[in-house]
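A short worksheet on the structure shown next.
The chains referred to below are lettered A, B, ... by the order of the sequence lines, with proteins before strands, and numbering in each begins at 1. Note that this is a predicted model, so its numbers are computed, not measured.
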Amino acid sequence: MPAEELLRIGELSKRTGVSAESLRAWERRYRLLRPTRSAGGLRLYSPDDLERVRKMRAHLAAGLAAAEAARLACAPDDEDSRSGSADPVRLRAALAAAVERFDEAAAQALLDRAVAALSIDALLVELVLPYLHELGAGWERGETSVAQEHFASGLIRGRLLGLARGWGLGVGPIALLACLPGEFHDLGLIAFGLALRARGWRIVFLGADTPAETIDTAARMIDPALVVLSGVSPKRLRPVIAQLRPLAARYALAIGGACAESPEAARVAARVLAEDPVSEADRVTSLQS
Amino acid sequence: MPAEELLRIGELSKRTGVSAESLRAWERRYRLLRPTRSAGGLRLYSPDDLERVRKMRAHLAAGLAAAEAARLACAPDDEDSRSGSADPVRLRAALAAAVERFDEAAAQALLDRAVAALSIDALLVELVLPYLHELGAGWERGETSVAQEHFASGLIRGRLLGLARGWGLGVGPIALLACLPGEFHDLGLIAFGLALRARGWRIVFLGADTPAETIDTAARMIDPALVVLSGVSPKRLRPVIAQLRPLAARYALAIGGACAESPEAARVAARVLAEDPVSEADRVTSLQS
Amino acid sequence: MPAEELLRIGELSKRTGVSAESLRAWERRYRLLRPTRSAGGLRLYSPDDLERVRKMRAHLAAGLAAAEAARLACAPDDEDSRSGSADPVRLRAALAAAVERFDEAAAQALLDRAVAALSIDALLVELVLPYLHELGAGWERGETSVAQEHFASGLIRGRLLGLARGWGLGVGPIALLACLPGEFHDLGLIAFGLALRARGWRIVFLGADTPAETIDTAARMIDPALVVLSGVSPKRLRPVIAQLRPLAARYALAIGGACAESPEAARVAARVLAEDPVSEADRVTSLQS
DNA sequence: ATAGGTTTTGTCAAGCTTTTGTACAT
DNA sequence: ATGTACAAAAGCTTGACAAAACCTAT
């Protein structure tokens with residue numbers, strides 16, 4: 001006897017937002033659902049049924065007719081089982097689709113495949129960074145919801161941090177990474193850390209919203225060969241310029257993120273990281289050695 | 001049954017911006033569209049139809065007459081068959097150069113590009129297999145060192161096994177793959193496994209130097225639709241022929257690798273895989289279905 | 001007599017917020033509770049009962065029907081399938097079970113979880129290496145078939161090589177890794193390479209069955225800070241001792257694998273790697289810096 | 001482009017059954 | 001404490017309906 005959660009129709013309806021009548025109709029007309037029955041004849045739905053309803057809804061939202069949507073929802077996922085091709089463009093589209101319907105299992109499976117098939121550099125340059133970019137653009141156009149954006153970034157942060165495990169160990173030069181005060185977007189910085197790690201650096205990561213003094217203290221303790229600060233807007237940079245000067249005097253200081261393009265960045269930092277993380281990691285590394 | 005999105009006329013109209021009436025007219029007049037029909041007679045359009053409508057529109061916008069535009073939209077296009085950047089011949093040369101100097105960074109970057117741009121089949125047939133062949137030939141001519149050959153096969157094995165991740169999952173027929181006893185070259189077999197996988201098979205891979213009894217045991221447990229044994233020399237095959245007979249009696253047995261061309265192979269195996277892995281995977285699959 | 005706290009129905013009701021009537025009904029209808037009785041017939045509930053009631057409530061709150069909620073509350077937790085179980089001992093057992101039945105899906109999922117939850121070091125020391133060891137021991141005792149051993153090592157090799165991708169990049173000292181001529185067991189060597197990589201080394205990997213001259217050639221080209229040779233039996237080492245001397249004179253030479261314990265190894269190598277890969281990687285690294 | 005008929009699909013209703021918390025009598 | 005009863009809530013089946021979308025033919 002499986003320890004699965006079996007749902008009755010009301011709960012399935014509540015969780016999917018589809019009326020009980022429709023659920024029964026979809027079962028009768030398209031065999032979308034195959035509930036077991038309780039002793040008294042009530043329908044008991046498995047998690048697989050729940051999943052199918054979610055897919056059905058996603059296809060309906062995409063404009064498919066109900067019969068078509070049901071056919072696809074019932075078809076075994078052959079996006080991820082068949083053709084092993086790891087074309088990042090397709091992976092990206094599939095990832096976007098999975099995020100669209102909050103399908104974590106599918107999203108993780110796609111990321112699994114990407115991690116297995118690509119190098120760290122390619123993973124970042126061809127999949128993760130363009131996808132995040134796209135997500136941001138979609139949000140600005142009002143196409144993706146904030147919820148989707150959070151879901152996606154949580155997912156990706158988890159995977160990247162998994163890859164980041166142990167990135168402080170070893171014998172390479174140390175890079176100290178932090179987001180500027182008030183800055184909470186750390187994915188780009190994590191990506192840069194991974195690219196550096198792949199080139200032999202040791203990473204100390206302070207994360208989002210790090211006060212200037214904290215960076216200073218940490219630098220004094222670990223004596224990094226490079227300090228990298230990241231922020232999306234020059235607004236983050238301006239208030240701390242004065243505090244950064246002594247840091248810049250003692251350590252190689254780099255500024256990344258969108259604010260790297262501002263004149264302020266050029267004034268205070270030894271190095272401005274205006275291109276993608278992987279290229280910049282290459283440059284920084286070749287300077288180092 | 002394809003897992004394609006089939007659209008009804010309203011959705012196709014919405015997605016292309018062409019009125020339903022026009023779509024029907026284009027179907028009648030120019031056979032631009034070949035929708036299937038639902039049980040009740042509604043038109044169901046495939047993604048290919050969608051693509052043709054888009055092309056038609058583009059041609060119309062360019063000023064062509066409708067009949068001309070339709071003719072062009074129906075013609076198979078050969079432009080997207082290959083973009084120059086991932087030309088396998090160049091990739092192969094570049095890969096050889098990278099391996100020559102043990103430059104893993106460059107080699108991995110090249111393989112990234114190849115994995116991204118090519119299908120599994122193309123990756124195998126146009127890059128990996130010819131490259132390995134060339135490497136072997138270079139070694140026989142004394143041009144490449146064994147060190148480079150080892151380095152390269154390690155690299156490629158890692159990438160192929162990455163693509164192989166999850167090749168045992170799914171619902172297709174099962175193929176059991178193993179190298180003959182004493183045989184340690186498994187790359188060809190991995191390539192064959194990937195080609196089969198791209199055709200929907202499930203793969204169970206026993207790898208190098210597998211004793212005959214082992215193959216037997218495994219076959220009994222998983223009941224494969226096909227057993228594939230690989231070896232580079234008839235020397236590997238001869239000592240186990242007697243042991244393979246009962247296996248061949250019970251399962252479809254195929255022999256691959258250079259030893260497939262020997263008379264021994266023909267005597268024991270139902271199927272001799274003498275050509276490249278991709279073609280053979282095609283044949284085996286068409287026999288299966 | 002157990003020193004458990006036994007609760008009467010009123011107290012259980014107060015602690016769980018479920019009415020006494022419902023508790024009795026749940027006992028009668030779903031056998032959710034198995035109270036002992038006092039001399040006078042009063043129900044006495046154990047802490048396990050309390051726990052089950054809490055689970056029941058949690059499932060009810062999640063919207064499950066009472067019958068379903070009770071079924072789940074009574075089912076033994078298979079925490080295995082839940083998130084918290086990155087316990088390497090259990091993972092190992094589960095991995096063994098998955099391999100036993102050639103279930104790649106389950107095995108990959110387990111490895112996914114392990115890779116996500118453990119550091120490289122822990123992955124190697126607590127999961128992969130003990131598992132391989134166990135597998136070997138089971139084989140010697142005739143318990144596991146060679147088929148399973150092959151299947152498992154193929155699987156694990158794929159995963160480790162996936163983690164190894166890009167291990168040649170960067171700025172650290174270079175280690176040249178190879179198996180001795182005639183030696184085909186490369187998993188231990190790959191593990192050692194990963195442990196070194198986690199400590200900042202760059203790895204050049206020549207793999208199984210590498211001729212002595214090959215090692216020599218490669219070393220001359222890449223000028224490694226360390227050369228590591230691996231073999232399971234002194235038989236592999238003896239024939240090449242003479243050829244290794246000049247290599248040992250020019251580079252730091254280490255011998256790993258079971259043959260490291262032989263007197264021959266001590267005679268030719270600067271360093272004998274007799275312990276597990278991770279400890280030895282630690283030592284080698286501290287010597288280096 | 002319109003007209004007139006068909007298909008698809010979500011929703012509703014009526015009458016009956018199951019499930020489940022609570023109340024009551026012993 | 002036990003056992004039975006009860007009623008509200010939730011569910012089942014069958015059948016039907018109507019709006020939207022689609023068809024063909026003129």
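In summary, contact between chain A and DNA chain D, defined as any nucleotide atom under 4.0 Å from a heavy atom of the protein, begins and ends at D/dT9 to D/dT20 in the 5' to 3' direction.
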task: Begin from the C-alpha positions of B/I174 and B/D223 and carry the test side-chain contact (heavy atoms from CB on, under 4.5 Å) through to its verdict.
output: CA-CA 8 Å; B/I174 298 181; B/D223 192 37; over 6 Å; no

- prompt: Please walk me through it: do B/Q288 and B/L226 pass side-chain contact (heavy atoms from CB on, under 4.5 Å)?
  reply: CA-CA 9 Å; B/Q288 175 68 18; B/L226 177 69; 5.8 Å; no

message: I'd like to know whether B/L44 forms a side-chain contact (heavy atoms from CB on, under 4.5 Å) with B/L7, so could you lay out the CA-CA distance, the side-chain angles of the two residues, the decisive distance to 0.1 Å, and finally the verdict.
response: CA-CA 5 Å; B/L44 295 175; B/L7 306 177; over 6 Å; no

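By the side chain to side chain donor-acceptor pair (under 3.5 Å) test, B/D49 is found to be paired with B/S46, B/R52, residues two or more places apart in sequence or in another chain being considered. Partners of B/D282 under the side chain to side chain donor-acceptor pair (under 3.5 Å) rule, at least two apart in sequence or in another chain, are B/R199.
Residues A/S22 and C/A67 both approach DNA chain D. Their nearest nucleotides, taken by heavy-atom distance, put A/S22 toward the 5′ side.
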statement: B/S/- along nucleotides 4-19 of chain E (protein heavy atoms under 4.0 Å) is B------SSB------

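Heavy atoms from other residues, nucleotides or ligands lying under 6.0 Å from NE2 of B/H59 number more than 12.
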May I have the list of side-chain donor-acceptor pairs in residues 66-73 of chain B shorter than 3.5 Å, sequence neighbours left out?
residue : atom : partner : partner atom : Å
B/E68   : OE1  : B/R71   : NH2          : 2.9
B/E68   : OE2  : B/R71   : NE           : 3.2

Give the table of side-chain donor-acceptor pairs shorter than 3.5 Å for residues 22-34 of chain A, with sequence neighbours excluded, one pair per line with atom names and distance.
residue : atom : partner : partner atom : Å
A/S22   : OG   : A/S19   : OG           : 3.0
A/E27   : OE1  : A/R43   : NE           : 2.8
A/R34   : NE   : A/R31   : O            : 3.3

